[in-house]
Protein chains: 2
Amino acid sequence: MATEMPSAATKNPQGRRETTRAAIVAAAEELLRERGYDGMTMREVAQRAGVSLGNAYYYFSSKEDLVHGFYERLQRDHARAAEEACLGLTTLHERVRAVLHAWLDEAAPLHDFLGSYVSLAAAPHSPLSPFSPQSTPAREAALAMWTQVVDGASARTSTRLRAELPRLLWLSHLAIVMFWVSDTTPGQQRTRDLVDKSTPIIGRLVRLTSLPGMARAADDLATLVQSIAP
Amino acid sequence: MATEMPSAATKNPQGRRETTRAAIVAAAEELLRERGYDGMTMREVAQRAGVSLGNAYYYFSSKEDLVHGFYERLQRDHARAAEEACLGLTTLHERVRAVLHAWLDEAAPLHDFLGSYVSLAAAPHSPLSPFSPQSTPAREAALAMWTQVVDGASARTSTRLRAELPRLLWLSHLAIVMFWVSDTTPGQQRTRDLVDKSTPIIGRLVRLTSLPGMARAADDLATLVQSIAP
DNA sequence: GTCTATAGTGGGATAGAC
DNA sequence: GTCTATCCCACTATAGAC
């Protein structure tokens, strides 16, 4: 009962808000593809959306804010794709590999945009930073996804380390993204190779932690990863 | 015989170039401290240096270019300080720890500035990126420094891995810098703790690679690190 | 080759009227 | 919610002084 029924979008205030917003987002998405983040101007976004510049800023406090949604959507799409990609895979290294390749598939069309995005997100106090308080929901969703990846794997390892593995994999993914945005090989093949080479090593190292002599090192590593949690 | 003798700086063209350049750099350094990178405007730098805006752009092609020198100086100062900090230390983990703390000491006054700087440098095609062709001399100087750190240590490890250890440490340092710029604890104490906790683990893992069962994993890791070299 | 003065472009962001 | 007008800044352009 809270809101009046939103039927004719243009006539009714509740629907109009959504409509305008959606028009701005749609225009931004087009221009982002056509010109990239730096080439896309807020003036042009507003013009193509059929609103004034000031109105665009009424809905989005900054250009950063406007494109933030595209990154969030990528994360959601990836979480879905990752679940599917893991089906039937039981070893940790196969599952991690599949999830990372799924990300590369989803992210490929956004390669240029994400290059600009990481630069924005790398700023220490940026709300776009994966470590920022504003990113807490997205970060926890990502950690939840990596937890599922680990939980579905058969690897034996120290319980301390196993509890921190999702965070370690999340951090590794961030590092891979940094590598990927600078990867100019066709289809970002170099990053695919990196994933294919590094995931077996991760798997082997995790397996090694179940050896008696390694338990101490594994626990220390777990403590370390835990201590850098945002 | 190529140039006329440079004697009185203000009167003679050879010296004037240096003098003007230095004035601009000095003004930039002051303003950077007072207002930070974003708050510092090129107009104000020129004004404080007593030159025209156009003249500032005559010497520095962009605002980025102007502040690039500060980062380079930090690197040079660190290389010197690192050498001193390593004197008398023989274990790998002590040496790495000392070098990282030396960096934290040198970088502390630039903490806010470097926050803006990493954002600029994180852009994929930025010449400021540590992976860019323009950064090749700086990158090789850094790798040479880490090579000295490794060479002065008594650690036994697989030769393959030992050859890649400098690059691995350089990459680790980059990761620590990323952590440090976002570290708002007084004196960036959290980063110091991270260094103190992580360096013994690095030392222990390296020692473990001399075990027979680990040689394969060590070689694979070496191959991986080698393959991501810029 | 070094430098000034001035005018201008274009883009992110904001103020305040309606 | 929406607009118009405006600000500020990085950066460019130019024409000429020394």
Side-chain angles (χ1 to χ4, degrees), chain A residues 3-4 6 8-25 27-28 31-32 34-68 116-117 119-120 123 125-128, chain B residues 2-25 27-28 31-32 34-68 116-117 119-120 123 126-128:
Chain A
T3 62
E4 351 287 317
T10 38
K11 278 302 172 113
N12 126 354
Q14 277 71 30
R16 199 171 65 196
R17 185 177 175 92
E18 308 291 307
T19 311
T20 308
R21 223 188 137 89
I24 295 167
V25 169
L31 284 163
L32 211 52
E34 291 174 24
R35 312 209 201 300
Y37 180 77
D38 289 337
M40 162 189 125
T41 74
M42 289 298 283
R43 283 171 168 80
E44 209 170 5
V45 169
Q47 193 182 3
R48 191 171 298 199
V51 301
S52 71
L53 176 64
N55 200 9
Y57 276 102
Y58 174 79
Y59 286 101
F60 300 94
S61 65
S62 67
K63 193 178 171 182
E64 282 188 28
D65 189 27
L66 174 52
V67 299
H68 184 205
S116 304
Y117 193 86
S119 175
L120 302 173
H125 298 347
S126 169
L128 271 50
Chain B
T3 64
E4 349 288 315
M5 35 166 43
S7 50
T10 40
K11 278 299 171 115
N12 115 6
Q14 276 72 29
R16 202 171 64 196
R17 184 176 176 93
E18 309 291 307
T19 312
T20 307
R21 225 188 133 89
I24 295 168
V25 169
L31 284 164
L32 212 51
E34 290 173 24
R35 312 208 203 300
Y37 180 78
D38 289 338
M40 163 189 124
T41 75
M42 289 299 280
R43 284 171 167 81
E44 209 170 5
V45 169
Q47 192 182 5
R48 189 170 299 198
V51 302
S52 69
L53 177 63
N55 202 11
Y57 276 103
Y58 176 78
Y59 286 102
F60 299 95
S61 65
S62 67
K63 193 178 173 183
E64 279 188 31
D65 189 28
L66 175 51
V67 299
H68 183 206
S116 304
Y117 193 86
S119 177
L120 300 174
S126 169
L128 273 49

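Just so you know, these numbers come straight off a predicted model, no measurement behind them.
- Distances shown here put every side-chain N or O of A/Asn55 at or beyond 4.0 Å from the OP1 or OP2 atom of D/dG1.
- Sparse packing is recorded around CD of A/Gln47, with 12 or fewer heavy atoms of other residues, nucleotides or ligands lying under 6.0 Å away.
- Side-chain contact check for A/Leu31 versus A/Glu34: some heavy-atom pair is nearer than 4.5 Å.
- The phosphate of C/dG10 has neither OP1 nor OP2 within less than 4.0 Å of any side-chain N or O from A/Arg43.
- Straight-line distance from the CG atom of A/Leu53 to the C1' atom of C/dA15: 13 Å, rounded to whole Å.
- Within the structure, a side-chain polar atom (N or O) of A/Tyr57 is placed less than 4.0 Å from OP1 or OP2 of C/dA13.
- The line from CG of B/Asn55 to CZ of B/Phe60 is 10.5 Å long, rounded to the nearest 0.5 Å.
- Distance CG (A/Asp65) to P (C/dT14): 11 Å, rounded to an integer number of Å.
- Rounded to whole Å, atom C1' of C/dA13 lies 13 Å from atom CD of A/Glu64.
- One interatomic measurement links the two molecules: CZ of A/Phe60 to P of C/dG11, which rounds to 20 Å at whole-angstrom precision.
- B/Met42 places its CE atom 19 Å from the P atom of C/dT6, with the value rounded to the nearest Å.
- Distance, B/Ile24 CD1 to C/dT4 P: 9 Å, rounded to whole Å.
- At least one side-chain nitrogen or oxygen of B/Tyr59 sits closer than 4.0 Å to the OP1 or OP2 atom of C/dC3.
- Along DNA chain C, the nucleotide nearest to A/Ser61 and the one nearest to A/Thr41 differ in position, and the one closer to the 5' end is contacted by A/Thr41.
- Contact annotation: A/Thr20 side-chain N/O to D/dT2 OP1/OP2 distance is under 4.0 Å.
- What separates CG of B/Leu120 from C1' of D/dA10 is a distance of 13 Å, to the nearest Å.
- Under 4.0 angstrom from either OP1 or OP2 of C/dT2 there lies no side-chain N or O belonging to B/Arg21.
- Contact of the B/His68 side chain with the B/Pro127 side chain is not registered, since no non-hydrogen atoms from C-beta on lie closer than 4.5 Å.
- Separating the NZ atom of B/Lys63 from the C1' atom of D/dA10 is a distance of 8 Å, rounded to the nearest angstrom.
- Nucleic acid contact class of B/Gly50 (heavy atoms, under 4.0 Å, all strands): sugar-phosphate only.
- The side-chain heavy atoms of A/Tyr37 and A/Leu120, taken from C-beta on, include a pair separated by under 4.5 Å.
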